[in-house]
Amino acid sequence: MLELQNIYFERENRKILNDINLKIDTNKFIAITGPNGSGKSTLVKIIMGIEKPDSGKIIFQGKDITELSIEKKANLGISFAFQQPVKFKGMTVFDLLRIASKKEITKKEACEILSQVGLCAREYVDREVNGSLSGGELKRIEIATVAIRQTKLTIFDEPEAGIDLWSFNNLIEIFENMREIVKGTTLIISHQERILEIADEIILMKNGKIEKIETSEEFLKNNVSKQCCKKIKTK
Ligand SMILES: Nc1ncnc2c1ncn2[C@@H]1O[C@H](COP(=O)(O)OP(=O)(O)OP(=O)(O)O)[C@@H](O)[C@H]1O
Ligand SMILES: [Mg+2]
């Protein structure tokens, strides 16, 4: 459904993305991982249309979308989870979900989505989106805003950022159910082993290149266990 062909992105004489080729199928849960600065966020910004590649093509459902604006890409069904939902005085969770879905939704539909992300819908649907919500609650609301769009491709950039490990452990089951919640392909940048465990495939990026693509099982066996062994050997 999504194909990247020979993507190059250069800034200040540095190759930030260096000949990226990638094919992502429909209904997959794909994780992107790799060291800081390896180009992961830049890659998803290019898919989203926030940045334009210097050369290369992005094909989405058979159509060349390389030159399309963020809005046009969003209309085709590419959705990005922002780290912090917008906060306006008086805006409720229901308002936020209505704006995100870009159509008239009923309170019942909003409540269904909130329940799917593990929030007690009755308690939250009319609540104002403000500082009184915890980081974990905001994160769930953020996931609900992308889920309600039911887009074909949903992108998350380090959803674990800014929430404590305890809250994250509670969130993991939402990611486990992401296939049913968003009903499309999920592309998620993460360093969290528990997210990597539930992915169909893991893309490892290094120095602006795709180092390898492996199934979750292969990746965790080849990478995490080796690090464990190293740790044991150096003791
Ligand atoms: N517009 C830009 N101008 C100059 N440098 C840029 C630009 N965009 C990205 N970079 C650089 O490209 C490199 C890759 O950045 P990117 O944010 O994609 O990394 P990342 O893999 O997401 O890292 P992290 O794990 O820290 O989030 C970094 O060194 C960054 O400073
Ligand atoms: Mg990043």
Side-chain angles (χ1 to χ4, degrees), residues 2-24 28-58 60 65-71 73-74 78-86 135-136 138-139 142-143 145-146 153-165 167-168 171-172 174-175 178 182 185-214 216 219-220 222-224 226-227:
L2 178 74
E3 190 176 348
L4 304 180
Q5 297 175 348
N6 311 103
I7 298 286
Y8 281 91
F9 182 80
E10 199 178 291
R11 286 293 176 276
E12 292 153 15
N13 288 328
R14 247 189 77 214
K15 284 198 177 98
I16 291 164
L17 293 177
N18 187 0
D19 196 21
I20 300 283
N21 287 284
L22 181 64
K23 271 187 189 169
I24 292 175
K28 291 276 181 199
F29 188 104
I30 311 285
I32 305 179
T33 196
N36 296 131
S38 54
K40 305 178 295 297
S41 294
T42 308
L43 185 67
V44 298
K45 282 183 195 158
I46 279 179
I47 296 171
M48 285 284 305
I50 297 169
E51 297 276 14
K52 290 268 156 70
D54 297 322
S55 62
K57 274 186 185 171
I58 307 165
F60 184 63
I65 60 158
T66 321
E67 295 302 323
L68 295 189
S69 64
I70 304 175
E71 292 74 23
K73 286 184 178 179
I78 300 177
S79 180
F80 185 74
F82 287 99
Q83 295 247 302
Q84 290 284 330
V86 270
L138 280 171
K139 192 62 74 175
E142 170 201 311
I143 296 169
T145 60
V146 290
L153 175 66
T154 304
I155 302 172
F156 293 91
D157 192 348
E158 296 194 35
E160 66 263 32
I163 50 168
D164 59 72
L165 205 61
S167 304
F168 185 75
L171 265 184
I172 196 78
I174 297 167
F175 284 97
M178 199 53 89
V182 303
T185 295
T186 302
L187 192 59
I188 185 164
I189 298 176
S190 182
H191 299 285
Q192 259 285 332
E193 198 178 327
R194 296 201 54 195
I195 295 240
L196 303 184
E197 268 169 16
I198 54 177
D200 295 310
E201 279 175 4
I202 296 172
I203 298 168
L204 175 65
M205 287 194 66
K206 270 189 192 164
N207 299 322
K209 283 189 171 237
I210 293 178
E211 172 107 341
K212 57 183 167 187
I213 303 176
E214 289 180 327
S216 172
F219 184 86
L220 293 170
N222 297 340
N223 294 277
V224 180
K226 261 190 203 157
Q227 279 169 13

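Position 1 is the first residue of the sequence, and the numbers go up from there. Note that ligands are numbered from 1 as they come in the structure, with each ligand's atoms numbered from 1 the same way.
A distance of 6.0 Å separates CG in Leu196 from CZ in Phe219, rounded to the nearest 0.5 Å.
Using modelled atom types and a 3.5 Å distance limit, the side chains of Asn222 and Glu214 yield a donor-acceptor pair.
Counting only heavy atoms from C-beta outward, the side chains of Asp19 and Asn21 approach each other to under 4.5 Å. Using a 4.5 Å heavy-atom threshold, the side chains of Met178 and Ile143 count as touching. Two residues are said to be in side-chain contact when any heavy atoms from C-beta on lie closer than 4.5 Å; Met205 and Ile20 meet this criterion.
Taking the six-membered ring for Trp and the full ring otherwise, Phe156 and Phe80 have centroids separated by 6.0 Å or more.
Enumerated by chain and number, the residues approaching ligand 1 to less than 4.0 Å through a heavy atom are Arg11, Arg14, Ile16, Pro35, Asn36, Gly37, Ser38, Gly39, Lys40, Ser41, Thr42, Glu51, Glu158, His191.
Summarising the local packing, CG of Asn207 is surrounded by 12 or fewer heavy atoms from other residues, nucleotides or ligands at distances under 6.0 Å.
By the side-chain hydrogen bond (donor to acceptor under 3.5 Å, both in side chains) test, Arg11 pairs with no residue at all, sequence neighbours left out.
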Only distances under 3.5 Å count here; give the side-chain donor-acceptor pairs of residues 28-54 to other protein atoms, sequence neighbours excluded, each with its distance to 0.1 Å.
unit_1	atom_1	unit_2	atom_2	d
Thr33	OG1	Ser190	O	2.8
Ser38	OG	Pro35	O	2.6
Lys40	NZ	Gly34	O	3.0
Lys40	NZ	Pro35	O	3.0
Ser41	OG	Asp157	OD2	2.7
Asp54	OD2	Glu10	N	2.6

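Excluding waters, the protein N/O/S atoms found under 2.8 Å from the Mg ion (ligand 2) are Ser41 OG.
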